[in-house]
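This report concerns only the one structure given below.
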Amino acid sequence: MDILIRKAKKHDREAFSQLIKTHTPSMYKAAKAILKNDEDVADAIQETALTCWEKIGTLKKDKYFKTWLIRILINHCNQIYRQRSRNISEVRLPEEGNVEENFTAVEWKEFLQCLDEKYRIVTILYYVEGFKIREIAQILDINEKTVSGRLATARDRMEKQYTHEKPSAVVYRLKERNQRGLKRKERLI
């Protein structure tokens with residue numbers, strides 16, 4: 001990877017192209033969390049690639065290439081989001097794969113959509129992309145404690161969402177079982 005970055009810094013198109021292809025899935029996930037629209041995501045990724053190509057010489061440390069790339073991507077996403085400023089929520093059910101995995105993915109997406117953007121971005125960078133708190137702080141240009149706080153808030157919201165939903169489902173099932181039991185007793189009498 002370091003070799004590709006050094007070649008890209010010398011404006012080797014093939015090396016730069018390979019770097020972008022390698023990081024496209026990560027870029028897609030981060031952009032999708034902010035924009036939610038595939039066309040906007042594609043625009044953000046394309047603009048990011050162009051900006052990175054033009055400014056690859058400004059990358060100070062090669063080991064932070066992905067951090068630098070994601071920071072540029074987030075800036076483009078925020079710019080597109082502000083320009084379009086629309087609130088369209090799309091619910092897409094997965095077409096393939098294990099039903100249980102698809103349900104979990106849909107649940108995860110629904111949870112992320114419920115979060116404010118500042119919590120959603122931090123959550124995706126930490127849990128999906130695997131960045132460390134220090135790296136997220138650098139990407140977003142915020143304090144590490146702020147990142148930790150936002151992660152804690154997101155976890156609290158997730159816990160509240162699930163503890164709030166599950167008891168009602170359990171209570172419903174218990175009531176349903178009790179009603180069946182009462183009907184059986186009535187039949188016996």
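Everything numeric in this text was worked out from a predicted model, so none of it was measured.
- In this structure Q46 satisfies the side-chain contact (heavy atoms from CB on, under 4.5 Å) test with no other residue, sequence neighbours excluded.
- Note that OG1 of T123 is 9.5 Å distant from CZ of R157, once rounded to the nearest 0.5 Å.
- No side-chain heavy atom of I139 sits less than 4.5 Å from a side-chain heavy atom of W68.
- Taken from OG1 in T48 to NE2 in H23, the straight-line distance is 13.0 Å, to the nearest 0.5 Å.
- A33 is linked by a side-chain contact (heavy atoms from CB on, under 4.5 Å) to R120, I124, counting only residues two or more places apart in sequence or in another chain.
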- Criterion side chain to side chain contact (heavy atoms under 4.5 Å, CB included) on D40 and Y81, from CA distance to verdict: CA-CA 8 Å; D40 291 342; Y81 185 78; over 6 Å; no
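- Here the straight-line distance linking atom NZ of K32 with atom SG of C77 works out to 11.5 Å at 0.5 Å rounding.
- With hydrogens and angles ignored, the 3.5 Å screen pairs a side-chain donor or acceptor of E135 with a backbone N or O of K132.
- Remark: T51 engages K55, I72, H76 in a side-chain contact (heavy atoms from CB on, under 4.5 Å) (not counting sequence neighbours).
- In terms of hydrophobic clustering, with Ile, Leu, Val, Met, Phe, Trp and Tyr side chains grouped at heavy-atom distances under 4.5 Å, I136 and Y28 are assigned to a common cluster.
- Of the possible polar contacts, one joining the D12 side chain to the A15 backbone as a donor-acceptor pair under 3.5 Å is found.
- For residues 137-156, no pair satisfies salt bridge (charged side-chain N to carboxylate O under 4.0 Å, His left out), with sequence neighbours left out.
- The stretch residues 60-76 participates, sequence neighbours left out, in these salt bridge (charged side-chain N to carboxylate O under 4.0 Å, His left out) pairs: K9-D62, K66-E129.
- I121 and I74 make their closest contact through CG2-CD1, 4.0 Å (heavy atoms, listed as atom of the first residue, atom of the second, distance).
- Listed for the T146 side chain is no donor-acceptor partner under 3.5 Å among the backbone atoms of I142.
- Heavy-atom contacts from other residues, nucleotides or ligands closer than 6.0 Å to CD of E54 number more than 12.
- By the criterion of side-chain heavy atoms lying less than 4.5 angstrom apart, applied directly or through intervening Ile, Leu, Val, Met, Phe, Trp or Tyr residues, Y64 is not grouped with Y126; the two fall into different hydrophobic clusters.
- A heavy-atom distance below 4.5 Å is not found between the side chains of R134 and V147.
- M27 and L50 are not part of a single hydrophobic cluster, where members link through side-chain heavy atoms under 4.5 Å apart.
- Just one residue in the list I56, L4, D2, T22 forms a side-chain contact (heavy atoms from CB on, under 4.5 Å) with F65, and that residue is I56.
- Atom CG of L140 sits about 10.0 Å away from atom CZ of F131, to the nearest 0.5 Å.
- With sequence neighbours excluded, the residues that form a side-chain contact (heavy atoms from CB on, under 4.5 Å) with I20 are F16, T24, A49, L69.
- If you take CD1 on I133 and CG on L125, they are separated by 12.0 Å, rounding to the nearest 0.5 Å.
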